[in-house]
Amino acid sequence: MLTYDQARQSVVDEVSKKKGPRSTAAVSIWESIGYVLAQEIKAEREYPPFDRSTRDGYAVRANDAHTGATLRCAGEIKAGDNATTPLERWTCMQIMTGAGVPPGADAVVMIEHTQRKGDSVNFDRSANPGQNIVPRGSEAKRGQIVLTPGTRIGYAEVALAAQVGATEPLCAVKPRVAILSTGDEVVLVDQKPGPFQIRNSNSVSLAAQTKAAGGEPVLLGNARDRAEDLRAKIERGLREDVLVISGGVSAGKYDFVESVLKTLGAEFFFDAVAIRPGKPAVFAKCRDKFVFGLPGNPVSTMVTFELLVRPAIDLLNGADPRPLPLLRAMLNKLMKEKPGLTHFLPARIEWQGADPQVTTLEWRGSGDLAALAQSNSFLVFPADKEELPAGEFVHVLLRKDVI
Ligand code: AMP
Ligand code: MG
């Protein structure tokens, strides 16, 4: 049985063969957060476009402004003013943050280090050439590539695109992720369940996780635990880039997902992973589309999506797979688990003191959404351990959706 790292790697290896977006489209920068860039973005001029003052103070020739010197103030430059009048020797110009440094000046002295009487400015300390000036072109040269294809667009990236005037960057069209739940006990979320039925919460969480991962959810509803219904709905799902199925992958008499996929000619890369929850997770390729069969218990579905499906969505956006958001934290209490599987246990991580501290939550197993909703992370309990003492440093998988 594969470890979760090996299973993830197998997903990465397979999906990498089809890395890249299905198509590209221009997206307004206002809407582009979470998209992956599909073009190079270049600086259309020098950055900064002029020698920029980073302080409020006086533009000087460093040679003239030594400790105790007095210079005549020859004018004022506000941010946005044309800074074209050269600075004469033995003079200075009052300058604001963000303004252009005049020709001839090579330093800016902070206002705090000066005293002004009328037109005379006295300097408390010597200026060094270059101080408080960001030279023209030092952040980016004209034509320089500032963002490359495959870059995930976050708030810094939109700001940079905006800065260089790329207001409609070409982005990867998000991969379409078909979401299919299974089970005769499952009713749609807006229906009233019978006494032994449950609402389809997995389709809701999978859609949320798909969006957070950068995919476009395509909801296919629920399939009955019958091979014919499952087959028809799986065939529908195979029209999308990825198909994620919840439930029906265990060893039960009515778990038909794997057998139906087989009849459709699927190639299986794995059908079990050494994790709990989530052990029966399946990854296959069918009619050239990627299929994930995730166990139906809500927490199993969530954990296996985070571990296995996310990297596929990254690759199909043309990006490198993001690493798992793992952090080291100090365990608050003694923990015991059955060895052989890596356990992902709902936990809370808190930041008090020097090291983050992690505490696992009481839960009733992988159907317990009420416990999970109190968590902000999963403690990763290693497969080769039986016991972890309090005070031990452990890995914690962050729930980035709530942290
Ligand atoms: P399965 O993987 O099909 O054996 O299902 C395992 C458990 O998850 C059972 O208790 C199911 O009722 C439950 N389950 C399956 N599908 C869903 C779903 N879509 N939403 C919520 N719970 C589900
Ligand atoms: Mg089922």
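On a predicted model such as this, the values are computed, not experimentally measured, just so you know. Numbering starts at 1 and runs along the sequence shown. Both ligands and their constituent atoms are indexed starting at 1 by order of listing.
Assignment of Asp225 to the shell around ligand 1 is not supported, since no heavy atom sits closer than 4.0 Å. For Ser201, the heavy-atom gap to ligand 1 drops under 4.0 angstrom.
Atoms of ligand 1 found under 4.0 Å from any heavy atom of Thr182 (numbered from 1 in listed order, with element): 16 (N). Taking a cut-off of under 4.0 Å to the non-hydrogen atoms of Arg199, the atoms of ligand 1 that pass are 20 (N), 21 (C).
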Requested in this report: Could you please spell out the steps behind the ring pair (Phe, Tyr, Trp, His ring centres under 6.0 Å) verdict for Phe381 and Phe344?
Outcome: CA-CA 6 Å; Phe381 194 106; Phe344 290 83; over 10 Å; no

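Using bins of under 30°, 30° to 60° and over 60° for the plane-to-plane angle, the ring pair Phe283/Phe292 lands in the parallel bin.
Below 3.5 Å of separation, one finds no N or O of Pro295 facing any N or O of ligand 1. Not a single N or O atom of Ser203, backbone or side chain, sits closer than 3.5 Å to an N or O atom of ligand 1.
One finds a salt bridge joining Arg236 and Glu240 here, because a Lys/Arg side-chain nitrogen approaches an Asp/Glu carboxylate oxygen to under 4.0 Å. Under 4.0 Å is where a charged nitrogen must lie from a carboxylate oxygen, and between Arg348 and Glu350 at least one such pair does. Of the charged side-chain nitrogens involved, none lies within less than 4.0 Å of a carboxylate oxygen, so that Asp184 and Arg226 do not count as a salt-bridged pair. A salt bridge links Arg322 to Asp314: at least one charged side-chain nitrogen sits closer than 4.0 Å to a carboxylate oxygen.
Looking at heavy atoms from C-beta onward, Leu206 lies in side-chain contact with Leu294 at the 4.5 angstrom threshold.
Distance from atom 1 (P) of ligand 1 to its nearest protein heavy atom, with residue and atom name: Gly248 N, 3.8 Å. Asn202 ND2, 3.2 Å is the protein heavy atom nearest to atom 18 (C) of ligand 1. For atom 19 (N) of ligand 1, the nearest non-hydrogen atom of the protein is Asn200 OD1, 2.8 Å. At the shortest separation from atom 22 (N) of ligand 1 among protein heavy atoms lies Ile198 CD1, 3.2 Å. Protein heavy atom closest to atom 9 (C) of ligand 1, with residue, atom name and distance, is Glu185 OE2, 4.1 Å. Summary of contacts: the protein heavy atom closest to atom 7 (C) of ligand 1 is Asn297 OD1, 3.5 Å.
Across the listed options Gly293, Gly296, Pro277, Ser181, Gly296 owns the non-hydrogen atom lying nearest to atom 14 (N) of ligand 1.
Note that Lys285 lies outside the cation-pi zone of Phe268, set by a 6.0 Å cut-off to the ring centre and a 45° limit from the axis.
Here the straight-line distance linking atom CG of Asn200 with atom CD of Glu185 works out to 9.5 Å at 0.5 Å rounding.
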